[in-house]
Structure formats: C-alpha cells, structure tokens
Amino acid sequence: MASTFEMIYQVVKKIPSGKVATYGQIALLAGNPRWVRVVGYALHVNPNPNEIPCFRVVNREGKLSSAFAFGGENQQRFLLEAEGVEFLPDGRVDLQRYLWNGID
DNA sequence: TTAATGACCTATC
DNA sequence: CGATAGGCCATTA
C-alpha cells in the first residue's frame, strides 16, 4: 500500500550509513515538505526498527527528540558514532558535514 | 464526523 | 537573541 508512511520509511531506509537526515529533509524527499509531522508520527510507530534506522533521523538542530524510545538517547549517539558521525560539544550532530544530501 | 494530539518547522513579537 | 503562536498532515478517540 503506497501510503505516506511507506514513502517516509523508504526515504529513512535510503539514508546511507554514516550520514544523518532531518525530518524536513525526509518529508521533502518523501514527496511533501509538510509531512514533518507525519514523519515524526511514522517513526513514532516505527513498525520495523531493524529496517528503519530512526537514530539517523534528527531534528533541525541536529539533535534527536526526547521521546527516543529505542533504547535510550545514548544508544542513538553510540550507533551514529559507530558509523563515523562526529558529535559537537553541544551534543548535536555536525550537520554541516554529516547531513545527508538526499543522494546515495 | 468532529475534535484533539504529535519523535516538526517557520514566522513573528 | 529568546520565547510564543500558527500551520501543515495523518492517526486516534
């Protein structure tokens, strides 16, 4: 079924390793830039956490939301660091270098 | 069917 | 520069 969630999941799964994407970027790549709310909701339900790396999805500041119920916020940082993503002293991801361009 | 909520973003004061 | 309000879409009650 080609629902909005499916496209969102597709984009999230398309995020290459060692890169991060913002909700707005995903929404834009999914088809509509106003799905930022839906993206958050889609990742909230997260039916396939093993296929959908929600830890690679960050907000506009490069930080993850407080409701990260995947295993803890440390888990997100740990996974991203394991992929080679650097973190700023503020606890945010260096979007300037690790933000996904939308191109594989 | 209407109303309310949400892992957001942008604009305005 | 910091905080507040509004808006968009889909899902749930």
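Reckoned from all heavy atoms, side chains included, excluding hydrogens, waters and symmetry mates. Residue numbers begin at 1 in each chain, while the letters A, B, ... track the order of the sequences.
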Discussion item. Could you walk me through whether Ile26(A) and Ile8(A) satisfy the side-chain contact (heavy atoms from CB on, under 4.5 Å) test, starting with their C-alpha distance in whole Å, then the side-chain angles of each, then the deciding distance to 0.1 Å, before giving a yes or no?
Written reply: CA-CA 7 Å; Ile26(A) 292 170; Ile8(A) 293 170; 4.1 Å; yes

Worksheet item: Do Val38(A) and Leu28(A) sit in the same hydrophobic cluster, where Ile, Leu, Val, Met, Phe, Trp and Tyr count as joined when their side-chain heavy atoms come under 4.5 Å apart?
Response: no

Practice prompt. Could you tell me from which nucleotide to which nucleotide of DNA chain C, 5' to 3', there is an atom under 4.0 Å from chain A heavy atoms?
Written response: dG7(C) to dT12(C)

Worksheet item: Just by distance, do the side chain of Asp94(A) and the backbone of Tyr98(A) share a donor-acceptor pair under 3.5 Å?
Response: no

Worksheet item: When the nearest nucleotide of DNA chain B is assigned to Val38(A) and to Thr22(A) on a heavy-atom basis, which residue is associated with the more 5' position?
Response: Val38(A)

Worksheet entry | Sub-4.0 Å heavy-atom contacts from residues 25-37 of chain A onto DNA chain B, ordered by number | Val36(A), Arg37(A)

Worksheet item: Do the side chain of Asn59(A) and the main chain of Glu61(A) share a donor and acceptor less than 3.5 angstrom apart?
Response: yes

Worksheet entry | Residue list, side-chain contact (heavy atoms from CB on, under 4.5 Å) with Val36(A), at least two apart or on another chain | Ala27(A)

Practice prompt. Search all heavy atoms of Arg60(A) against all heavy atoms of Leu95(A) and return the closest pair with its distance.
Written response: O-CD1, 3.5 Å

Fill in: Closest approach of Pro16(A) to Asp104(A) (non-hydrogen atoms, all atoms of both residues)
CD-OD1, 4.3 Å

Worksheet entry | Contact residues, residues 7-21 of chain A to DNA chain C [heavy atom, < 4.0 Å] | none

Worksheet item: side-chain hydrogen bond (donor to acceptor under 3.5 Å, both in side chains): which pairs involve residues 3-29 of chain A, sequence neighbours left out?
Response: Ser17(A)-Glu83(A)

Worksheet item: Any donor-acceptor pair under 3.5 Å between the side chain of Tyr41(A) and the base of dA7(B)?
Response: no

Item to complete: Return each pair, listed once, that meets side-chain hydrogen bond (donor to acceptor under 3.5 Å, both in side chains) where at least one residue sits in residues 26-37 of chain A; pairs must be two or more places apart or across chains.
Response: none

Item to complete: Grab the two heavy atoms, one from Leu29(A) and one from Gly102(A), that are nearest each other, plus how far apart they are.
Response: CD1-CA, 4.0 Å

